[in-house]
Number of protein chains: 2
Amino acid sequence: MDETKLNWEDLRLFLAVARAGGLSAAVSDTGKSAPTLGRRMLAVEAAVGGELFRRLPRGYELTEQGEDLLARIADLETQIQSLGRFGRGPAVIKISAGSWMTYVLCRHIHAIQDGLGATRLQFISAEHVLDIAHREAVIGIRNRRPEQRGLACRKIGHVRFAGYATGKSVRPWVRVAVKTPSAAWLAAQPDSGDAVEVTSPRNALDLACAGAVRAVLPTFVGDAQEGLLRVTPTIPELSHDQWLVTHDEERFQPNVRRVIDRIYEIARSLHRGA
Amino acid sequence: MDETKLNWEDLRLFLAVARAGGLSAAVSDTGKSAPTLGRRMLAVEAAVGGELFRRLPRGYELTEQGEDLLARIADLETQIQSLGRFGRGPAVIKISAGSWMTYVLCRHIHAIQDGLGATRLQFISAEHVLDIAHREAVIGIRNRRPEQRGLACRKIGHVRFAGYATGKSVRPWVRVAVKTPSAAWLAAQPDSGDAVEVTSPRNALDLACAGAVRAVLPTFVGDAQEGLLRVTPTIPELSHDQWLVTHDEERFQPNVRRVIDRIYEIARSLHRGA
DNA sequence: AATGATCTTTTCATGGATGAAACGAAACTG
DNA sequence: CAGTTTCGTTTCATCCATGAAAAGATCATT
């Protein structure tokens with residue numbers, strides 16, 4: 001590519017268009033008009049020398065090169081966002097965890113947030129694993145030690161699952177329409193026939209608390225929940241370790257460090273209590 | 001700062017102005033006029049919310065905040081330069097070493113460069129230590145193991161110094177006007193009175209080969225030089241180890257890896273020969 | 001097949017960013 | 001200390017990137 005022609009500002013616009021999935025969708029994010037965005041995208045493609053998008057009638061779709069570029073520029077973005085802060089670390093710390101851990105962290109939000117000043121927190125609750133190496137998330141909670149280089153890992157503890165309900169008499173299971181190990185385990189059970197189904201794991205807890213169903217929950221969630229008791233033994237197949245993962249370079253920033261320590265403390269006390 | 005106002009393109013212009021040391025000096029690098037550069041710099045300062053420059057009559061001088069920003073953006077630049085290359089690694093690999101090691105590497109340029117394709121090499125021969133953590137240099141050769149995180153180190157060998165000349169009868173020393181350990185050592189010698197002086201270490205070798213002076217040289221340079229012989233024993237105070245230092249993340253890029261390996265081989269064979 | 005919806009792209013008038021030239025300020029120079 | 005050089009800044013006419021509007025393209029729906 002000819003990097004002399006590459007306008008850095010266009011990279012940001014590319015980021016917006018790539019994320020929004022099209023020109024018109026990116027208009028509100030960028031403050032630029034669709035024609036301008038279209039022209040800038042052509043300029044980026046000319047500069048990097050490759051097809052970045054497939055122009056479909058319903059919008060733009062990233063090519064493989066485009067996906068690659070998106071990941072790299074997303075990395076740049078987080079660095080640029082913290083540029084003006086002169087040693088105070090990133091302006092927004094992203095926390096990526098499964099929905100249960102996110103739930104617990106949200107309950108303890110005050111302990112995590114206290115004294116952070118202008119730093120904002122952003123919870124990314126997604127079951128699929130984000131690519132932390134590209135710093136799409138600064139702090140991650142994972143169920144296995146990542147093999148990638150440049151990541152700092154700390155073992156938090158061990159997570160166990162069990163069936164929970166308001167009482168043994170509650171029979172039907174709640175089914176969670178997500179591809180998680182616990183959902184897969186439940187689907188494989190013979191007696192889970194007439195299950196209620198929810199799309200969000202959090203609603204499974206709500207239903208269980210309402211006394212309507214039994215739900216597969218991590219013990220650190222189920223045991224802490226008033227009114228719920230274990231209606232099955234712990235499920236060995238679902239047990240796994242839990243790791244706190246950070247990008248190597250950023251974990252020494254004061255505000256990142258503080259958030260890591262607090263999450264670690266919260267998580268440890270959870271597992272100690274269980 | 002208000003990152004919504006920050007124009008990424010302005011960051012590149014900042015980089016040029018900061019490096020050039022002023023607006024007019026940055027005109028040729030950027031293709032923008034001085035008035036425009038002045039306005040863009042004001043915009044950057046407004047966006048990051050701080051004074052980046054001291055406007056002196058002879059040009060711009062960076063404030064502490066400005067220095068900080070420069071280092072961070074220099075990091076961004078190397079990442080952006082390799083953006084369009086889609087997995088092929090950085091477009092330009094920077095090699096930072098002392099002048100003697102640079103000299104040797106330049107002599108072996110073909111072995112290093114062979115089969116690199118479009119990747120360009122850039123030798124940074126500076127006696128002062130560059131900040132490799134900010135990726136201003138991708139590959140560095142240092143005389144001690146750096147303590148910073150995220151750097152991969154490989155010990156190359158041990159460097160010894162001695163006095164060299166075309167014969168024992170050559171008495172005067174050549175003085176090198178650079179702040180290096182060897183120059184300091186020579187200045188501390190009592191019998192270095194009527195020395196010739198050069199500013200570039202490389203010229204000291206030229207003078208010694210011409211039979212005019214004796215010079216303090218690393219043995220891997222002096223021994224390999226036709227017509228030069230040792231006129232002093234090795235100087236123990238100047239002996240030091242030599243390390244090959246890389247940024248942790250980039251050393252696995254194929255083209256970086258290749259250059260590292262070749263430099264390592266060249267350096268090893270140097271020290272084995274000595 | 002026709003209609004509508006939802007995109008992108010083209011057209012074209014406009015305004016804001018741009019740079020040439022003039023100006024001003026400070027530091028060398030003899 | 002005047003002359004000269006070397007910067008940055010201001011001014012202002014110019015021009016190019018920009019966005020509104022229209023056109024074009026494709027899919028969804030009836």
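- With rounding to whole Å, B:R40 atom CZ is found 14 Å from C:dG19 atom C1'.
- Here C:dT9 presents its C1' atom at 15 Å from CZ of A:F53, a figure rounded to the nearest Å.
- Per the geometry, CG belonging to B:L37 stands 15 Å off P belonging to D:dT10, to the nearest Å.
- Distance A:L23 CG to D:dG19 P: 13 Å, rounded to the nearest Å.
- What separates CG of A:L42 from P of D:dT18 is a distance of 13 Å, to the nearest Å.
- In summary, the side chains of A:R12 and A:T30 do not present any donor paired with an acceptor at a separation below 3.5 Å, with no hydrogens or angles considered.
- Among the heavy atoms of the strands, none lies under 4.0 Å from B:G21.
- Rounded to an integer number of Å, the gap from CG of B:L56 to P of D:dT9 is 11 Å.
- At a cut-off of 3.5 Å, with distance as the only test, a side-chain donor of B:Y60 or B:R55 sits close to an acceptor on the other residue.
- Between the side chain of A:T63 and the backbone N or O of A:E51, at least one donor-acceptor pair lies under 3.5 Å.
- Across all strands shown, A:R39 has heavy atoms under 4.0 Å from base atoms, whether or not it also approaches the sugar-phosphate.
- Separating the CD atom of B:E9 from the P atom of D:dT18 is a distance of 12 Å, rounded to the nearest angstrom.
- Comparing A:S33 and A:P57 by the nucleotide of DNA chain D that holds the closest heavy atom to each, the one mapping nearer the 5' end is A:S33.
- OP1 and OP2 of C:dT6 both lie 4.0 Å or more from every side-chain N or O belonging to A:Y60.
- Atom P of nucleotide C:dA26 and atom CZ of B:R54 are separated by 17 Å, given to the nearest angstrom.
- The side chain of A:R58 lies closest to D:dC27 when the candidates are D:dC27, D:dT9, C:dT11.
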What do the steps show when you test A:D206 against A:V198 for side-chain contact (heavy atoms from CB on, under 4.5 Å), and what is the final call? CA-CA 10 Å; A:D206 296 328; A:V198 294; over 6 Å; no
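- Separating the CG atom in B:L70 from the CD atom in B:E77 is a distance of 9.5 Å, to the nearest 0.5 Å.
- A sub-4.0 Å separation between OP1 or OP2 of D:dG19 and a side-chain N or O of A:T36 is present.
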